[in-house]
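Heads up: the structure comes next, in C-alpha cells.
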Amino acid sequence: MSYDHQKIEVEARKKWAGLSLYECNLTDDSKEPYYLLCEFPYPSGDLHTGHWYAFAVTDIYARMLRARGKNVLFPIGFDAFGLPAENAAIRNGVDPAKWTLANIERMKAQLNAMGVSFDWSKEVVACDPSYYHWTQWLFIKLFEHELAERREAPVKWCPKDQTVLANEQVIDGHCERCGTEVEEKRLTQWFLKITQYAERLLKNLETLPWREEIKEAQRAWIGKSGGAYLDFEVRAKSGHRMSTLGSIRVFTTRPDTLYGATYLVLAPEHPLVQEITSSKFEIPNKDQIEKYINETKKKTERGRSENKEKTGVKLEGVVAVNPATKEEIPVYLADYVLNSYGTGAIMAVPAHDERDYEFAKKFDLPIREVIEPLFIKMIGSDAVRPELPLVERRAVVAVVKHATEEKYLVLKWKKNDWQGFVVGGIDDGEDAIATGIREVHEETGYKHLRFVKNIGGRIHSQFYHEVKQQNRYAHFDVVYFELIDEARDEISEEEKALHEVVWIAKEEVSKHVASDEDMAFIWERLQTSDLYTGDGILSNSGEFTGRDSEEAMWDIVAAVGGERTTNYRLRDWLVSRQRYWGCPIPIVYDPQGTPHAVPAEHLPWLLPTDVDFTPTGSAPLASSMELKERVTGLFGEGWTPEYDTLDTFVDSSWYFTRYLDPKDSQKFSDPAMMKKWLPVKRYSGGSEHTTMHLLYARFFTMALYDLSLVPVEEPFEERYNRGIILGPDGAKMSKSKGNVINPDELVGKYGADAVRVYLAFIGPYNEPGSYPWNLDGVVSTRRFLDRVARLVGRAEGPPMSKHGPRAKDIGGPHMDVGLTMSHIERALAQAAKKVAEDGDRFKFNTGIAALMSLLNELEKAKQVSKQAVRDLVIMLAPFAPHLAEHLWAKLAEGESPDASDASRESVHQQPWPTYEPALLVSELATVVVQVGGKRRGEITLAPDASEAEALEAALALPAVSTALADKQPSRTIYVPGRILNLVP
RNA sequence: GCCCAGGUGGCGUAAUGGUAAACGCGCAAGAUUGAGGUUCUUGUGGAGCAAUCCGUGGAGGUUCAAGUCCUCUCCUGGGCACCA
C-alpha cells in the first residue's frame, strides 16, 4: 500500500496556507532567535537539482529548529538583476523586468512545491525599486566616506559587437557571442576600496569558526605578502652622456637577493615607459617598444599568463643602478610583470626566481647566485646535538660519473647506514678540485678523473658527525667528475672497513641519496638547473656575505634606503558595469564633470525604460532620453547622468540585513532588529561563492560597521558549503552531456517528500564532496516513507493528550517478549537525541538512518502505542513535511478535539519529543574482550560493572583462556561499557 | 607548480583512539501472490568444511589497542596560479 503523494501534498499546502506557520515574528522575545540563511537565487526561471539540494535540505533544519522551540528566521528573496535578463531582451526583445518578474513567479510556485518553509513575508527582490533604493543609499554612504571612487581601468571590448564584455563572456580571449578576438579598452569606472580592508578581512578569519578550507581560499584570494619597496636610479642617454632620469620603485618579497638583481623589468603599462619614450632621451628601439606595448594591450591579463613562454623587449639606452652593488643593469619591458600588482616593476634575480630565470635564459642575461642553501639536520641519529659546539669545516662533495656507463659513484657507510656521494675535508692550501680527486682516490681507489664542472655554488650543512662525534658545520663545494678509465689502486683496509663502493644507475641514484637532504639536493641540481628559490647563506653580497638570508633581509633594505611594506593580491572591487539590467549608480556629474551623489530625496534613482539594447558602443543607459531629461530637470543644464550600473554582487552584499525590515521606506533596515538578529547564525551556500560573494559581503558589513550603520563587523557566524550533485554517471550535470536529472519528473513520480529525504540521505551536507544521483535512492526513500505510513495504519493504544500518560506507563500484557515498552522508549529517546544532534551538524544522512532504525524497532513490536508513532511522525516532519502532516491528521481521526491543542493543529507546530535522560543509558552493555589487542569474545555486563567483575566474566570464556594459555595477564585495560583488553 | 580537502564492501556511506562497515541501495535464497510487481523473512567484505586468518590507497611509526594520531608516498577532487 502506497500513499497518494499528489493528493496529500496539495492538502498539506492548503492547510499551511491557512495557518501562516512559517512567518517569523521578529519581535517575539519569548524564544531564542535563530537566523538561518540560504543564498538567494538568481531567478533563471527553472528550479534545478542544485536548488533542491540547497533549499530543501536547509529547510529540514529550519523546521527542526522550530520544533525545538527556536524563533527561526528563514527568509528568501531573489538576486534579480543580471545578464541573462538583458540577453533575453537583446535576443527576443522582451522587457528584462517582465522577463524577470515572470521567472520569479514561476520559481515561487516551484519552491512551494518543494514544501519549503520560507517566510515569504520577508521576501526581497533586488531589482525592485524599493530594494535598490537602499542599495543606492548604501553606495552613497560609501561614496561619502571615500570608500567608492572613480579610476581608469581596462574593460574587455568586442570590436565587432561594439560592446563591453563581462569577464564570463570572454572565452579564451574571444567574444562568447561572435568569436571575435577581444580587445582591452580603458574607461573611467567606479571602485569600492576593499583593499583598505584587506588586513581586517584576513585577521578576522582567525576568529570565524568556518571550515579551514573556506578560510584558506579567502586567504589565498587576499594574498598577503610582506616585502619591501626598493628604489633603483635610472639613467638614460642624452646626447653623449648618461644622465639621471629619476628612479624606479620595485616591490620585492625577497630583498635579501638584491645583490643578485641583474636587470629590471617593467610592466608594459608602467607610467615611466611612456615618460621615457616620449622624452628627449634617445631610445634607439622606440618602434620596437611601442609595438610590444600595443601587442600587450590586445591581450587580456588572463591571456598574458596563459602564454607561458616569456616575451619582452629591452629598453635600449636606459640603465638602472643596483643600489647595493652600484652596477648598471639593463631595463626590460615584459608582460610577465603586471602593472596592477606591487609597483608594476620588479628587480629580476634570475638565480633565485623561476620566472626571472626563464627570462634570463631566453634573453641571455647574467645569472648571479647570492643565496647558498643551508641544511640543518633536525631528526635522526645525525641530528645536530644542541649541547655541543659547531665545528666549521671546508669540504667537498664529489659526484663521479662512470667512464663508459650511465652510473654514478655512491659510498655506503657501514657504521651508520648512511649513503651518498664522496665527501671529504679540504686541507690547507688545497683547492676543491684537488680535494675531490684526492678523496675519490683515497676512498675508492679510482685515480683517473676528469673535472667537468662545479655544480651550482657552495652548500652548507649542519649535522652531527657520528664517527667523529662532533657537530659539524660544513661548507661544501660541489664538483662533478667523469672517470677517464677504470684504473684503480688498492684502498687501505681502514677505508674498506668504513664503506662499500657501489655504482648506481642514473635512475636509481635519487632513491639511494633520498634520505639525505643535501645529497638529494645536489643530485636534483645536477639533473635540472642551478635555480634555487629557498633561503640560506648569503654569498656575493658585499658586507652581508656569510649571513643568514632571512636574518639579514631587513638590514639590506635599510642599507639601501628601502621601505618595508605589505602587498595584497586583492584588488579594489570594480563595480561599474556597462549594462542595462542592474542597479543604476546614483551619481550625476556637474558641468565640470565632477561626480555628485544623487540626493536622498530623489532615491530610488530609477532605472529608465526607454533604452535601446542594441549594442552601439556605449552603455545602454546612454540611449535613454528620459534619464538625460531627468538629470537636466533636477540639476540644471550641463549636468549629466552616470550611465553605468552596479555589479550584482553589490546587491547581494547586504540583502541579509534587508530581510529584517523588508518593507521599510525610510531606512535600509531596522537597527533594533539588526542588533537582535545579526550576525546570521548559519549561512548555507555553494562553494562557488567562497571567495567573491562571501568576501564582498564581509567587506560591506565591515565598512557599514565602521559607519555605524550595522551593529556587527562580520555578517555570518557560521558558513556551511554544500557538496554538489552529479549526474547518475558521476560527471557534473550538464545539458551537453545529457546527464541532467530533472527534479520535476521525480517529484511527480515519487513525491516531494521522497526527493527531500533522498537529498538529505545521500551524504553529509556540509562536506565539500559530490554525490552521484542514483534513481534507486529515491525509490528507496519512498519505500521508507511508505513503511512509516503503514505503521501509522496499524498504530493502536489509548488516545493520548499532551498531558496523558507516556508510553512507558501503558505497557501491559500485550507486549512482545524482549520488546518491552521501555525498549521502545529507549529507541525513541535515542532517535530524538541523535536526529537533533546530527541536524545541528547538518548531517541529515545519519539523522535519517536513526529514524530508519527507530522504524525497524517499531515494526518489530507487536503492539505500537499511538504516542510512539506520533513521536516518530513529529521527527519525520522536517524531512517529509507533507506526509507527516497527512499522518498527523490520520492519527487524530476519531479523537475528540482537545481545546488546549487548538494551536497545534499542524504537525509542524508540535514540539520535538522529549525524553528522560536516564533512557539513554542502557541496562546492559556489551564489552568486547581482547587478548593482546585481538578480539576473543564479548561479555554482557552492567554498564558500570567493576573491573574485577569484568575480568571474572572474561576469564570464563573458553576462547579467552585458550588465548591466554593459562597465564595471568600482566596488564589489563578496562574501559567500562566498551572494552576489556588482557595483555599477556 | 603552490595551497587545501579526501581515499573504507559491488554502490551511497557509518564509526568520542576501544566489536570496521550502522542505515540504505544492489544482489542471493525463501515466504506471500494466478503471474509480474509490491510486501515480508533470512543471508550478503575476502579466504577456509571449520577453528581461525586477512581486511579502511601503499610503506613505516606511536599505542595495550589505529579507519581515526605521526612521517613518507601514490591517487582523486577543489582553490590559486607569471602576484615579484
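Order of the sequence lines sets the chain letters (A, B, ...), proteins ahead of strands, with each chain counted from 1. As the structure is a computational prediction, the values presented were derived from the model and not from experiment.
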Determine the interatomic distance between [atom1] on [N] and the same-named atom on [M]; round to the nearest Å.
N      : M      : atom1 : value
B:rU68 : B:rU56 : C1'   : 10 Å
B:rG24 : B:rC40 : P     : 11 Å
B:rU8  : B:rC64 : P     : 30 Å
B:rG45 : B:rG9  : P     : 13 Å
B:rU19 : B:rA66 : C1'   : 14 Å
B:rU33 : B:rA28 : P     : 22 Å
B:rA20 : B:rA65 : P     : 14 Å
B:rU16 : B:rC69 : C1'   : 14 Å

Just the rounded figure in Å: distance from [atom2] of [N] to [atom1] of [X].
X        : N      : atom1 : atom2 : value
A:Phe232 : B:rA84 : CZ    : P     : 16 Å
A:Tyr229 : B:rA84 : OH    : C1'   : 12 Å
A:Glu947 : B:rC64 : CD    : C1'   : 12 Å
A:Met553 : B:rA84 : CE    : C1'   : 13 Å
A:Tyr974 : B:rU19 : OH    : P     : 15 Å
A:Leu759 : B:rG12 : CG    : C1'   : 13 Å
A:Asp353 : B:rA84 : CG    : P     : 9 Å
A:Glu767 : B:rA14 : CD    : C1'   : 12 Å

Of the options [options], whose atoms approach the side-chain atoms of [X] most closely?
X        : options                : result
A:Ala217 : B:rC40, B:rG18, B:rG79 : B:rG79
A:Thr926 : B:rG79, B:rU19, B:rC82 : B:rU19
A:Arg211 : B:rA5, B:rA84, B:rU39  : B:rA5
A:Tyr336 : B:rU39, B:rC82, B:rU19 : B:rC82
A:Pro772 : B:rA84, B:rG12, B:rU16 : B:rG12
A:Arg978 : B:rU16, B:rC82, B:rA84 : B:rU16

Counting any heavy atom closer than 4.0 Å, what does [X] reach on the DNA or RNA strands: base, sugar-phosphate only, or nothing?
X        : result
A:Arg936 : sugar-phosphate
A:Tyr771 : sugar-phosphate
A:Ile973 : base
A:Thr690 : nothing
A:Lys843 : sugar-phosphate
A:Glu938 : base

>> Restricting to non-hydrogen atoms, name the atom on A:Ala345 and the atom on A:Val337 that form the minimum distance, rounded to 0.1 Å.
In response: N-CG1, 4.1 Å
>> Using every non-hydrogen atom in the two residues, find where A:Ile724 and A:Lys732 come nearest and quote the distance to one decimal.
In response: CD1-CE, 4.0 Å
> More 5' along RNA chain B: A:Ala220 or A:Ser225, using each one's nearest nucleotide?
Replying inline: A:Ala220
>> Closest-nucleotide mapping onto RNA chain B: is A:Gly763 or A:Val928 further toward the 5' terminus? I mean the 5' end.
In response: A:Gly763
Tell me whether the OP1 or OP2 atom of [N] has a side-chain N or O from [X] closer than 4.0 Å.
X        : N      : answer
A:Lys834 : B:rA14 : no
A:Arg569 : B:rA81 : yes
A:Tyr341 : B:rA84 : yes

Dump every N/O contact between nucleotides 20-29 of chain B and the protein below 3.5 Å, one line per pair.
residue, atom, partner, partner atom, Å
B:rG24, OP1, A:Asn856, ND2, 3.4
B:rG24, O2', A:Ser780, OG, 3.2
B:rC25, OP1, A:Arg783, NH1, 2.8

> When the ring planes of A:Phe842 and A:Phe844 are compared, do they come out parallel, tilted or perpendicular, using 30° and 60° as the limits?
Replying inline: tilted
> Are A:Lys224 and A:Tyr568 in a cation-pi contact, defined as NZ or CZ under 6.0 Å from the six-membered ring centre and within 45° of the axis?
Replying inline: no
>> Quick check with a 6.0 Å cut-off and a 45 degree axis cone: is A:Arg756 positioned over the face of A:Trp52's six-membered ring?
In response: no
is_close_aromatic([X], [Y]), centroid dist under 6.0 Å:
X        : Y        : value
A:Phe761 : A:Phe784 : no
A:Tyr263 : A:Phe363 : no
A:Trp210 : A:Tyr720 : no

> How about A:Ile371 and A:Asp535: do any of their side-chain heavy atoms sit closer than 4.5 Å?
Replying inline: no
> Is the closest side-chain heavy-atom distance between A:Ile194 and A:Leu201 below 4.5 Å?
Replying inline: yes
> Do A:Thr691 and A:Gln218 get their side chains close enough for a donor-acceptor pair, meaning under 3.5 Å?
Replying inline: no
> Does a donor on one side chain sit under 3.5 Å from an acceptor on the other, for A:Asn981 and A:Thr972?
Replying inline: no
> When you look for runs of 3 or more Watson-Crick or G-U pairs in a row, both distances below 3.5 Å, which of them include RNA chain B?
Replying inline: B:1-7 with B:74-80, B:10-12 with B:23-25, B:26-31 with B:39-44, B:45-47 with B:52-54, B:57-61 with B:69-73
> Would you call B:rG9 syn or anti, using the 90° rule around 0?
Replying inline: syn
